[in-house]
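Every chain is numbered from 1 and lettered A, B, ... according to where its sequence line falls, protein lines coming before strand lines. The shown structure was predicted, so the numbers you read here are calculated from the model rather than taken from an experiment.
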Amino acid sequence: MSDHDVHPLEAQRRANREAVRALGLSPYGSRSDGLISLADAKARHSAEADEEHARRGKEPGFIDPRARVAVAGRIVLLRDTGKLIWINLRDHTGDMQVALSQRDVPPEAFQLGKASDLGDLVVVEGRVMKTRTGEVTVWGEGVRPAGKALVPPPAKHEGLVDVEIRYRQRYVDLWANPETLKVFESRSRIVSHLRRLLDARGYLEVETPMLQRLAGGAAARPFRTHMNAMDIPLFLRIAPELYLKRLLVGGLPRVYEINRNFRNEGLDKQHNPEFTMLEAYHAHGDVETVMELTEHLVRESARLVAGERGLATDDAALRLPFGEVSIDYGSPFRRLPYPELFESALGFAMTDTRRVLDEAARRGVRHAGVDPVVVVNDLFEGFAEKSLDPSRPAFITDYPAALSPLTRPKANDPRLADRADLFIAHMELAPHYTELNDPDVQEAKFREQLRGGDADKNAEEETFRTFDADFIRALKVGMPPAGGMGLGIDRLVMLLTDQRTIRDVMLFPMMRPEGQQPAS
RNA sequence: GAGGGCGUAGCUCAGUUGGCAGAGCAGCGGCCUUUUAAGCCGUAGGUCCAGGGUUCGAGUCCCUGCGCCCUCACCA
């Protein structure tokens, strides 16, 4: 890169990098063994050792009793008082001050301090001590470069505020805003914990195809791609469901998959085109079996997060904040039958078609020429779901069968479906089903779906109304009765970490391309 | 998809009725060995998102486009 198109601030940093090289040091560093975290270094401080050093430090032959540490971090603050340089380093455990005194470090190390910029990475060796003002500090005995920041960092006080840059340049957000790193550390531990909980209950984690010939298992527009070797079109999966059920056919008793799904649809605070879903299937179970599983998983994840934050973890007081709401994860999740919730929220029975239509008209809900069951559901989603207490996780049970065409009807009342949806803080978190295992019924449902394609839907939308003949063949081999559920991991992490948008719990959320894209 | 808001120095932000483009921090030069967003003196830094228009004159008003955010709609 020639000088004329380099920003002056970058040019200055390049000059500072040359100054480091002139000292005989490599600005980009090399392997360092024996490094400890800044939090661990702070914990090594000993008041007794400080005191002894202060008392006998000038005696000949005195051996410094203070802990000697080697730490690495990014320079977030730099105060050069002439012959003494104060540096605040940051790593994943927090910030810690180090001091470089001209008297106590080699000349080239001191010059490195002078030539360092905010954002540079360094390794510092020294003794853990406490300053006059009481701050635990590494009193440097040596320092060496570990990486150069040619780009100026965000404002040292405000951090990185611009949400667009936070998402596009997450590598800056993660170090400049420590809260961001905490969210993603929590996410990672939540997912690990979910795996442990499922493993402990005998669920086997499996991986099924993401590239699928038919994108089934849900109703959503898929992404298309193409495989060169076989010269065939492929879809990115919208759900793993049909493959996980094939595994039940194969005799696996309990399976789960935590992985990405892709849906070629809109983006908003709760939707990203790729998102992470846990799907779990329990042979010889039913909707109740997996509801109990989900409640266990959500409650224990909440307990994990509460513990990390030093909050109460016993059921009686297990609560986590989400915005203005304090969500109760310790009490048994509520179970609200759809018809009852409808009636208590709207004031009349969903079977009272005349009042349903009147009320839809009064509340401005579309109803003309629409199937009454659709109007019922619009009223339900618009008013009954919103009437739920956001602080109490709730399963909505007993969905009308007419609204759940792919779900098995309840044995004791075929007008209702064996389906339950978990809602927390008005977010739809997880559907649960008693799965279909009769191949003839499944085949009929597939055909019904194919016929259901509205005339005005375009050809692309038709492609996801698939008939999966191999899946029918699998069911003909014989699948045990089963309960299945799908838990949106991103939404769960949003709830547990108190983040209002899905983008704040995804490291690299989908963004529109910026600027001129290079031709590719 | 509709409506609204925002886009100014590396970062965080001001910019009045249309009248010379601003501050803090960061940067650069100087001083300073216990600082805490260090301090003091000095100094440099702009495609006001892009393009067009109105006007003697546009960061400011109008139009178009781009990006981000919010609300609504769509979404098993």
Exercise. Per the atom types in the model, does the base of B:rC25 pair as donor or acceptor with the side chain of A:His157 at under 3.5 Å?
Worked result: no
Exercise. Is a donor-acceptor pair below 3.5 Å formed from side chain A:Glu135 to base B:rU34, judging by atom type as modelled?
Worked result: no
Any N/O pairs under 3.5 Å between the protein and nucleotides 43-48 of chain B? List them or say none.
none

Problem set entry | Donor-acceptor pair under 3.5 Å, A:Thr131 side chain vs B:rU35 base | yes
For this session: For atom CD of A:Glu381, decide whether the heavy atoms of other residues, nucleotides or ligands shown that lie under 6.0 angstrom number more than 12.
Result: yes
Exercise. Does NZ or CZ of A:Arg74 come closer than 6.0 Å to the centre of the six-membered ring of A:Trp175, within 45° of the ring's axis?
Worked result: yes
For this session: Check whether the side chain of A:Ser101 and the base of B:rU33 form a donor-acceptor pair under 3.5 Å.
Result: yes
Problem set entry | B:rA26 phosphate, OP1 or OP2, under 4.0 Å from A:Lys156 side-chain N/O | yes
For this session: State whether A:Asn16 places a side-chain N or O below 4.0 Å from either non-bridging phosphate oxygen (OP1 or OP2) of B:rC28.
Result: yes
Sort me out a list of protein N/O and nucleotides 70-73 of chain B N/O pairs below 3.5 Å, or just none if empty.
residue: B:rU71; atom: OP1; partner: A:Lys269; partner atom: NZ; Å: 3.1

Exercise. Less than 3.5 Å between a donor and an acceptor, one on the side chain of A:Arg79 and one on the base of B:rU35, is that the case here?
Worked result: yes
Exercise. Looking at B:rG10, B:rA38, B:rC68, which one has an atom nearest to any side-chain atom of A:Leu77?
Worked result: B:rA38
